[in-house]
> 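My structure is below; once you've seen it, I'll send some questions.
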Amino acid sequence: MHWPIDLIVLTFVIFTAIAAISVKDLLGTAILFGAYSFLMCLLWAVMGAVDVAFTEASVGAGVSTVFFVAAVFRTSRRTKD
Amino acid sequence: MDNYPALIVIAPLLGAFFAGLAAWIEKRLSYPIALAALGLSLFSAVNVLMQVIASGTIQYRMAGWAPPMGIEYRIDLLNAMVLVLVSGIAFLNLIASYKSVIQETTDRAESFYVIYLLFCVGLLGVVATGDLFNLYVLIEITSLTSYTLIALGDRDRGPLAALNYIFIGVIGASFYLLGVGYLYIKTGSLNMMDVANILSGIQGSTTVLVAFFLCIIGVWIKMALFPLHVWLPNGYTYAPVAFSRVVAPLMTKVMVYVMIRLMISVFGYDYIFTELNLGQAVVWLGTIAVLAGSIMALSQKNLKKMLTYIIVAEIGYMVGGAWLANELGMTGAILHIVNDALMTFALFLAVGNIAYKIKSTDLANLKGLFGRMPWTMAGFVLAAFSIIGVPPTCGFFSKWYLVLGAFEAGAYHFAAALIFSSLICAVLFFKVFEICFFESRSNGHGDAHGHGDSHSTVIVEEAPISMLVVSGLVSISLIVAGLYSGTIVNTIILPFLR
Amino acid sequence: MKLLGFIIVCLVGGFLLYGTGELPDWGDPQSPASLHLSNDYIEHAVDETQVPNLVTAVLADYRGFDTMFETAVVFCAGLACFLLLRDFRPRKDHYYRHVPTGVVLHLKDSSKHLAVGNEFEDMDKEWVPSDIVIKTVCRMLIPFIQIYALYVVAHGDFSPGGGFQGGVIFGSSLILLAISYNLKTLVKRVSEKFLSIFAALGVLIYVGIGAIAMLLGGNFLDYSKLAPLIPIDPGHIRAIGMLGVEIGVGITVMAVMVIIYINIVSEGRHEEGL
Amino acid sequence: MADFLALIVAKYNYWLYIILMMIGLYAMIAKNNLIKKLVGMNIFQTAIILFYVSIGYKTEGTIPIIQNAHGDHGSHGAVIQAADYINPLPHVLMLTAIVVSVATFGVAMALCVRIYQRYQTLEEDELRMRLSEK
C-alpha cells in the first residue's frame, strides 16, 4: 500500500511549488526548485518509475539547480514578485 | 534501395555531426558537407515520392520492429509531397545563404550550418513519422533550433523575441504532449494507425474529447493561428535572414500538415465533423485570422514584419479550408500548403537579397529599389502577384479551390474574407511597389541640377549571383506550380483524400 | 496580466478537471494503457533483447529512434549555449596573487599571459579563499563519482540507469571540480575543443550504429544486423547494440552539460566563474 | 466514508497534477521576472511528467526490471506475468521528456544571461520600458 506516502509527498510537492514561485529571492527560488525536483523524484520512485526518478534526481535536482545558480550568479538575485 | 524513407531524415542528421566535427579540421568543409547532406535528402525524398505515386503507401519500420511496438515511418501521398517540398526549400535556401550567413554570423557560420541542418531534420521527421510521441520529440528539435537561430538575429530584440517564443512554444508542445497522454490512457498505443483503429471503437468519451482539444490547441499555438500568434511576428522579423527565409515558409506549413494529419489519420473526419460538429466554429476562427492578419499587415512599417503578418493571414486560409468539411476545401488547404510555402519562400528570398545589399528592411529605406535591384524586384513582384492571387501564378489556384469549397459548405463569410484579404494584399503590395518604384532615393532630391539625370545614374547593385539564381528559380516555379496545379491535385491530393 | 493569467489558468484547469472524470483509477492494472502495448513489452522484451531492465530495452531498442533525436536535442542545447554566449574576445585584465604574501598583481590591457613562477597563482577578479577541506574532499570524491557514472552507463541494462543518467553524473563531477577549485582549473583540463568534439562524437556513435545496421542490409538501428561485426552469441547482439548506443548518449550528455555550465557561469568568456 | 476515501485515492494524482500544472501556467503568464517564468515552465513540464508516470502505475506491480531473467535461458518455467510489472512505456516517454525539458531550460537560461548582459534587468516591465525608450 503506497498510497499514504504518495498522498503526503504530493501535498509537499504542491507546497514547494507554490513557495518556489512566490519567494522574493531568486537564489531561494533556486534552492526551493531543487527541493521540488527532489520531492518529485521521490514521488516517482514511490510509483515504481525508478529510471525516471533517477533521471530527475540527477538532472532536475542536480544539474538544473546548478545551471540555475550559475545563471543567478551571472544576473541578479533581485525579483519584484 | 528500400532505405530511402530513413535516409530523408538520417542524411541531414549525419551531415550535421560531420559538419560539426569537420569544422575543427578545416572551417570551409562544413558548407559542402551540409549541402551534400541536404542534397541526398532531397534526392531520397523525390525517390520516395515516385515510389509512392507508383505503388502506394510505404511503411518503414525503425529498428525492424513491427508498428505498434516500434516506431514506423508511414509515407503516403501527402507526406511524400510535403517531404519533397521541405527538403527542396531547405536545399535551395542553403545554396542562397552561403554569402548572407557569412555576412550575418561572421565567425560562427559552421555552427549555423549544424543548427540549420538539425532544424531541417526536425521538420522532415515531423512530416515523415507515423508515431505520436516521435512527433513531439521532433517538434521539440525544430523548436529548440528555431529559438537559437532567432536569438542569433537582431542583437537587441533577438534574444527577447526568442525567450518569448520559448515560453509560448513550450506551452504549445506541452499541450500536445498532454493530449497524447490522454490518448494513450484511453487507447494504450502511440502509433497513429493503431490509435485511429482503437478510437473508432470508442464513442462519446470525455477523455478523447480532452485529448482532441489539447492536441489541436497545442498545434494551433505552434502554427500561430490568430489569437495565439503573438510570438510569430517578432520571432521571424528579428531572426537572421538566412534562417527566416526557411522558417517562414516551412515551420507554419509543416504544423498545418500536422493538424491535417491529426484530423485525417488519428481522430478521423467522422469524429470531428459529425460527433463534435466543430467545423463551423473553426471556420469562423480561420475567417477572423485571415481578416486580422491582413489588417495588422497594413499598419507595419517594416517589410519583413509586414510579410510575417501576411503569414498569419495565410494560416487562416489553410485552417479555414481544412475545416470546411468538404473535399474541395481540404484540397484547397493542402494545395495551399505547397503554394504558400513557395510564395513565402520567394518573397523572403527577395527580402533576403534586399537585406543583404541595403542592410535594412524598413519601408522608408527601400526607395528606388527597382532601379538598383531589378532582378530581385522582378522576383518580388511575381511572388506578390501570387500572394494576391493573380491567375497564372499558383496562389490563384489554391484560393480558387478554397473559395469553391467555402461556397459548397455555405461558409460565405470565409469566401468573403478570402476575397477581402486578397484586396488588402493588393493594396499592401502596391504600396510597397510605389515606394520602391516611383520615389527615387533621398540623395536625388538634394541637388537641384541633378534632377534630370538622376534616373540615368542609377547604379545597379544586385545581390550575389547564387542568391539571384535561387530567387529567379523559385519565382519561375510559382508559375510552373500554377500551370501544373491540376496535375498535383489529380495525381496526389485527390487520390490521397479518397 | 495577473487577472488574465488567472482566468486562463482556471479555464484550462476546469477543462482538465472535467476530463479526469472518466480516467481509470490510479494504479488500476486493468486500465487500457496497461493492457495493449505494455503487456507485449513486458512479456516479450526479455526474450527478444536479453535485457532485463524493460525501460532500457524499450528506450534503446523498440523506441531507439526517439532516443536518438532526444540525444540530438541535447546536442542542440549545447551548441545553442555556445552560439548564444561564447565570447572570443581575449581577456584584458589579469590578476596574479603571490601565494606566500597575498600580494595581488593586476595587469591591465594586456592580452598576453605573464610567465609567472610557481609562487604566483592566476586568479579571478576577486580572490576567494579556497577552503582546504572542500578542495581535498572534492579531489577525493570526484574519481569515485566518475567511476559510479561509468557503472551507471554500463549497468543500465540490468538496473536503473543508462546513458543519460551516467552522462549527467559524469558531467556533474566535472562541474564539481569547477566549483570546488575554480573555472580555470576545469578549462585547463577539459578544453573546449575536446568537449565540442565529444558532444558531436557521442551522437555520431548513436547514428553511426544505426547507419551501419542500414549498410549491412537491415532497417535503420536494427542491432540484430550487427552480428557479422561482433563475434558474440547472436542472442545477445541487441544488448551489445544497446550498450554502444548508451555509451554514445553518455558521451554527448556529459560534454553538453559541461558546455552549458561553463558558458552560463562565465558569460561565454571561459575564465571566471563560480 | 470508505467510498470517499477510495475516490480520493483513485483520483488524487490526477487532481494534483492539474493543480501543479495550473501553478506552473499561472507563473508563466502572470509573473514579471523572466527567471520566475522559467521556474513556472519547469513546474508545468514536471506536472505533465507526473501525469504520465501516474498512468503507468499498477497497485500490485513492481518496478519494470525482470527478476530472474539472465543467467539461465531455460528458466521459462516461470512465465512473466504482465500484471506483476509496472508499465514501462510511460517511463520511457518521460525520460525523453525530462531530457528535452532540461535542454530547453539550459537554452532559456543562456538567453536570460544574454538579455541581462544587454539590458541589465530581467523584469519584464523594465524591459518593455527600455525597448519603448529607443
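In the text below, chain A, chain B and the rest are named by the order of the sequence lines, each starting its count at 1.
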> Among side-chain atoms of C/Asp233 and C/His236, is any donor-acceptor pair under 3.5 angstrom?
yes
> Please look at C/Ala199 and chain B and tell me whether the side chain, the backbone, both or neither of the residue comes under 4.5 angstrom of a heavy atom of that chain.
neither
> Does either side chain, that of B/Arg157 or that of B/Tyr238, offer a donor lying less than 3.5 Å from an acceptor on the other one?
yes
> Taking side chain as everything from C-beta outward and backbone as N, CA, C, O, which of these in C/Leu83 sits under 4.5 Å from a heavy atom of chain B? Side chain, backbone, both or neither.
both
> Given a strict heavy-atom distance threshold of 4.5 Å, which part of B/Val9 is in contact with chain C: side chain, backbone, both, or neither?
side chain
> Using heavy-atom distances under 4.5 Å, tell me whether B/Thr187 contacts chain C through its side chain, its backbone, both, or neither.
backbone
> What residue, out of B/Phe175, B/Phe18, B/Phe133, has the most heavy-atom pairs lying under 4.5 Å from chain C?
B/Phe133
> For the side chain of C/Ser34 and the backbone of C/Gln30, is there at least one donor-acceptor N/O pair under 3.5 Å apart?
no
> Can you say whether C/Phe82 sits under 4.5 Å from chain B via the side chain, the backbone, both, or neither, judging by heavy atoms?
both
> Is the backbone N or O of B/Met69 less than 3.5 Å from a side-chain atom of C/Tyr41, with the two atoms forming a donor-acceptor pair by type?
yes
> B/Phe243 pairs by ring pair (Phe, Tyr, Trp, His ring centres under 6.0 Å) with which of B/Tyr116, B/Phe112, B/Phe119?
B/Phe119
> Please classify the contact between B/Thr129 and chain C as side chain, backbone, both or neither, with a heavy-atom cut-off of under 4.5 Å.
neither
> Hey, can you tell me if C/Phe65 and C/Phe220 have their rings parallel, tilted or perpendicular (30° and 60° cut-offs)?
perpendicular
> Pick whichever of C/Leu221, C/Leu37, C/Leu79 has the most heavy-atom pairs under 4.5 Å with chain B.
C/Leu37
> Indicate the atoms forming the closest heavy-atom contact of B/Ala11 with B/Leu40, along with that distance.
CB-CD2, 3.8 Å
> Have C/Asp222 and C/Ser224 got a donor and an acceptor in their side chains that come within less than 3.5 Å?
yes
> Would you find a donor on one side and an acceptor on the other, under 3.5 Å apart, between the side chain of C/Ser191 and the backbone of C/Phe194?
yes
> Which atoms of C/Val12 come close to chain B, meaning under 4.5 Å heavy atom to heavy atom: side chain ones, backbone ones, both, or neither?
side chain
> Can you list the residues of residues 249-263 of chain C that sit under 4.5 Å from chain B, counting heavy atoms only?
none
